[in-house]
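Following: one structure in structure tokens, then a few remarks.
None of the values given here were measured: they were computed from a predicted structure. We name chains A, B, ... by the order of the sequence lines, and we start the count at 1 in each one.
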Protein chains: 2
Amino acid sequence: MNAYRLRFVPLGGVVGVTKNMYVYELYDGNSLKDILIVDCGFGFPQERELGVDLVIPDISYLLDKTDKIRAILLSHGHEDHTSALPYHYDALGRPPVFSSKLTSLFVENKFQDFKKQIKVNTVEYRKDYSFGGFSVRFINMTHSIPDTMHLIISTPVGRIYHGTDFKMDLTPPYGSSPDFYEMTKAGNDGVLCLMSDCLGAEREGLTLSESVVGQTFEDEMRKTKGKFIMSTFSSNISRIRQCVEAAIKFNRQIVFLGRSMRDNTKLASENGYLPIPFRLVAKEEEVMKLPANKVCLIVAGSQGQYNSALSKLANKQNKNIRIQIGDKIILSSDPIPGNATEVYALIEELTLQGADVVYSDIQEELHASGHGNQEDIKFLIRFTNPRYFIPIGGTIRHQRSYQKLAVDMGYKKESLFLLDEGETVWFTAGKAVRGDTVETKNIYVDAYGVGDVGNVVLRDRKTLSSDGIVMAFLILDPQGKLLARPIILSRGFVFEKKEEELFNKAQQFVEKVLKPRGESVSNMGALKKQVGQQLEDFFFRERGREPLVVVETIEL
Amino acid sequence: MNAYRLRFVPLGGVVGVTKNMYVYELYDGNSLKDILIVDCGFGFPQERELGVDLVIPDISYLLDKTDKIRAILLSHGHEDHTSALPYHYDALGRPPVFSSKLTSLFVENKFQDFKKQIKVNTVEYRKDYSFGGFSVRFINMTHSIPDTMHLIISTPVGRIYHGTDFKMDLTPPYGSSPDFYEMTKAGNDGVLCLMSDCLGAEREGLTLSESVVGQTFEDEMRKTKGKFIMSTFSSNISRIRQCVEAAIKFNRQIVFLGRSMRDNTKLASENGYLPIPFRLVAKEEEVMKLPANKVCLIVAGSQGQYNSALSKLANKQNKNIRIQIGDKIILSSDPIPGNATEVYALIEELTLQGADVVYSDIQEELHASGHGNQEDIKFLIRFTNPRYFIPIGGTIRHQRSYQKLAVDMGYKKESLFLLDEGETVWFTAGKAVRGDTVETKNIYVDAYGVGDVGNVVLRDRKTLSSDGIVMAFLILDPQGKLLARPIILSRGFVFEKKEEELFNKAQQFVEKVLKPRGESVSNMGALKKQVGQQLEDFFFRERGREPLVVVETIEL
């Protein structure tokens, strides 16, 4: 009699493409024995999350059971699968980390940025690793970055096929095609549940091989009389390598722009993933001195990220390099859902400066998605032949499309679990049922720190961006009596110099609100809140606007 | 030290799509030990092969070694892989025959047509069968007929993957998707040579699943107010079954036309491959009495074959059924190379009678090819990961495209053998080299017999069809002296009654040619030939035509 139970807890990467983090918990009866974590990546904020740089998974749920974490496994080197780790590694109790070679290089480098230390163990394919009650086999998969893996996780209740980001690339430009034997072997031996990348579930056919992009780079480079500028994710080493190879062919000097781009290509280059002849490496400062048709820039920021190397180029903030007529700019990545506005703004800026911008909307071969379309997905399903499914790495729309695909292939709707973040599934021998939900919240990261950007801050930023701010400073005695006239300042609300009267009126209003009550103020917080609300009402009456109102008191 | 050698001898099915027959010979040193034959199908004649019904493989080469033939394996039930067997089985020494269930039913039925007996053994998948020094594992594959197999042939010099007609159908309407595990396992264990269907090597992408056709049938049937008439190969049971299921949905009475169609559907139906409710089975004679929108005809002859059920309908030779305005005719098969002219003539005939004819040129989903496109082929290559390749089942054009595909995937050109009929390849442990060529000739079959239709007959038929025939009968004594006036007749040449003078002149001409020489004719054949040639010249001078001239002598 098997008393083991397995729980799957997605802390991110469901109902969303990024912020991938998946927790597997093995229980013996009711006692939690072992935890295995797969991936720990950051997310891209939504457009409405103003001023937020990143979102990272909420690991609160794990904090009282870090002693059970046997390992963290990283499936591949993309940042939405790895780059939350520096934020959380200490809190998770620094468990052993395992990944493929290139992933380990990227992650160790990322930790250095944070002035932190980590040792990532590199794994061998087709070998079984034990992590408590889990046995994991890492197998070779294809995606838009070399050294991508899928994980076959054997547990006492059954076999899990953890199929993160993939496409079935039969002609990958570097490395081998997927390990079909291990996939089908898992299917033949029996897979209880397939966790599958579902991002391409809406697109028909097979995804283009990564190698078609190389041909496109060559064709475009041949036609380009000006600078050739390619932008993609800085972790897309396969894509970058194909651009470098085209540059070599046309004898263009290669310059990498953007810190992440420089770091990643340096690492990849030093470790054999990106061979570049020394004679073709140029510096940013030399670019405008070279003939334009002898330059190839490879630039970070294809998602229109604020302050990225590409947006600096677009906004004429790069002091060394100017966009000129005849330049060709290739955006070789799909906009991640949520980033579209920024990307199209970027394209407009660049086009206005005379560049010929081509991107995946215009030309299909520019960007072979790293994610499998419907046929890729169907192959994985037939290979692994699972009893249950959990689509991951996609929004609700993608999860639903994935479900439809599986149903069209003859599976029952009930064999698919479409999970939201924190929603769990329990597996017992041969069976799966929905579990309770683990509470998670968004942890925002901005330039100033981690986690101090709550929903309130975001709401404030939204208010600030539309109606500005009014600040009132009150100097009070302990009875709440004003010891001086209230100081009222504003920014982004009305033009103060022309509105002296309004602010005088506001001062008088506050004085009226705070007229002496003859008793000491027991709750200064409540007082501030009260003044704030009344000021909000006041300004709305006076001007029909709702600035953010901040009241601060100083007791003397 | 391994002294074994293996020779692959294609007796058909290369540089051509049909007439599939492949011979594997296992030698110990120079001594032939065992022969294994895969498939024994007929071919479709080329357009120029006038009056020929079929072409079958030339087995002369095997006739002195039939004692070594351990088995004949049939990969699937299509006639170009099975239906030459009744002609050759006795001559091959009646070795044991193995196939899947449906194939065995079709073959045994075919033998009955010939009033011959055969017992076909049905195989189990994933089980090893020994045939002398060969060990064969049969695995499930998808094509346009159920129960299609691929063969993994283990030999003392290495493993051969015999991959005849296939597509990678992930959603076959009936039966399972391909046995990916066994394919990749073979690849993992090591495949010396992949014999692969190459017919789809020119077409991009993945081949459509057979199941899309079912949806098309439904859509078309819904729109059709008249008779619904579907024509395909009578062995395409999957296609036929999908049409039957649509007919059931729309409550149309089903009538099968054509003997092969009736035979095959009866067999398939009796054995569970084609369930048809009794209430929907109608007779040919009843068709015109039923409301047109309650009729579904499933008709043989989609290739425009002479005298087929469909061409009889087109030519108003079916005494029970007329094509009417509003009828819809679906040709659900691609014209086999060589048959295009006939098919287009048929379409024209049917359209003239008021039918709405749809065929694969117009609507893609009408016909999902049974053969894998480029991506299907690439998957098979990656799965089996062979050292050598022999593309089969395609013309030179397809073989070349297949070669290009493999080269684009990183294989060396030299690892592919593009063979013509009878050209052989020798395999020794781990290596392959071209061998000598086995002589083969075309064996034609027409209504009157097997093999008596040589190239001369075909040439004659071509001449007959354009310029007609002239026959001269000479009654001679042993010295070659004419004992009567030459008798000269003609057919299809000129209108004799109006050309009496021409024939008189011809008589005189022959008399002149045969004027007594005073010596006996030692070689009557030479004499006939001489007279014939001179008559040919004579008619060409007189009329500018080149009728077939036949001279016959009677010695008295």
Side-chain angles (χ1 to χ4, degrees), chain A residues 125-126 139-142 161 167-191 203-212 214-215 364-365 368 372-386 404-411, chain B residues 125-126 139-142 161 167-191 203-212 214-215 364-365 368 372-386 404-411:
Chain A
Y125 292 146
R126 291 191 170 192
I139 69 173
N140 178 52
M141 217 336 146
T142 47
Y161 188 99
K167 64 175 160 184
M168 298 290 178
D169 197 338
L170 300 178
T171 52
Y174 319 106
S176 313
S177 50
D179 191 340
F180 296 120
Y181 172 61
E182 286 287 347
M183 282 180 229
T184 58
K185 185 172 182 308
N188 196 59
D189 294 343
V191 167
R203 297 188 303 249
E204 289 191 351
L206 269 183
T207 295
L208 287 176
S209 167
E210 192 66 22
S211 56
V212 304
Q215 191 53 53
E364 192 189 9
E365 279 87 13
N373 290 357
Q374 290 176 351
E375 297 302 323
D376 303 66
I377 288 171
K378 285 190 204 163
F379 270 109
L380 187 60
I381 291 175
R382 288 292 181 226
F383 291 161
T384 57
N385 189 29
K404 190 179 173 313
L405 265 192
V407 168
D408 287 349
M409 292 173 78
Y411 286 93
Chain B
Y125 293 146
R126 291 190 170 192
I139 68 174
N140 178 51
M141 212 346 139
T142 47
Y161 188 98
K167 64 173 161 185
M168 297 291 178
D169 197 336
L170 300 178
T171 52
Y174 319 106
S176 314
S177 51
D179 191 340
F180 296 121
Y181 171 61
E182 286 286 347
M183 283 181 228
T184 58
K185 183 170 184 307
N188 195 59
D189 294 343
V191 167
R203 297 188 303 249
E204 289 191 352
L206 269 183
T207 296
L208 286 176
S209 166
E210 192 66 20
S211 57
V212 304
Q215 191 54 54
E364 193 189 8
E365 279 86 13
N373 290 357
Q374 290 177 351
E375 298 302 323
D376 303 65
I377 289 171
K378 285 190 202 165
F379 270 109
L380 187 60
I381 292 176
R382 288 294 182 226
F383 291 161
T384 56
N385 189 28
K404 189 179 174 311
L405 264 191
V407 168
D408 287 349
M409 290 174 79
Y411 286 92

How close do A/F180 and B/R382 get, counting heavy atoms only, and between which atoms?
CE1-CB, 3.7 Å

Parallel, tilted or perpendicular: which describes the rings of A/F379 and B/F383, with under 30° parallel and over 60° perpendicular?
perpendicular

Is there a side-chain contact (heavy atoms from CB on, under 4.5 Å) between A/R126 and B/N188? Walk through the geometry before answering.
CA-CA 12 Å; A/R126 291 191 170 192; B/N188 195 59; 2.9 Å; yes

When rounded to the nearest 0.5 Å, the distance separating CG of B/D376 from CD of A/E375 is 9.5 Å

Working to the nearest 0.5 angstrom, can you tell me the gap between A/S177 OG and B/M409 CE?
6.5 Å

Taking side chain as everything from C-beta outward and backbone as N, CA, C, O, which of these in A/L170 sits under 4.5 Å from a heavy atom of chain B? Side chain, backbone, both or neither.
both

Just give me the residue among A/N385, A/T171, A/L206 that pairs up with chain B most often, heavy atom to heavy atom, under 4.5 Å.
A/L206

If you tally heavy-atom pairs under 4.5 Å between each of B/M183, B/M168, B/K378, B/E182 and chain A, the highest tally belongs to B/K378

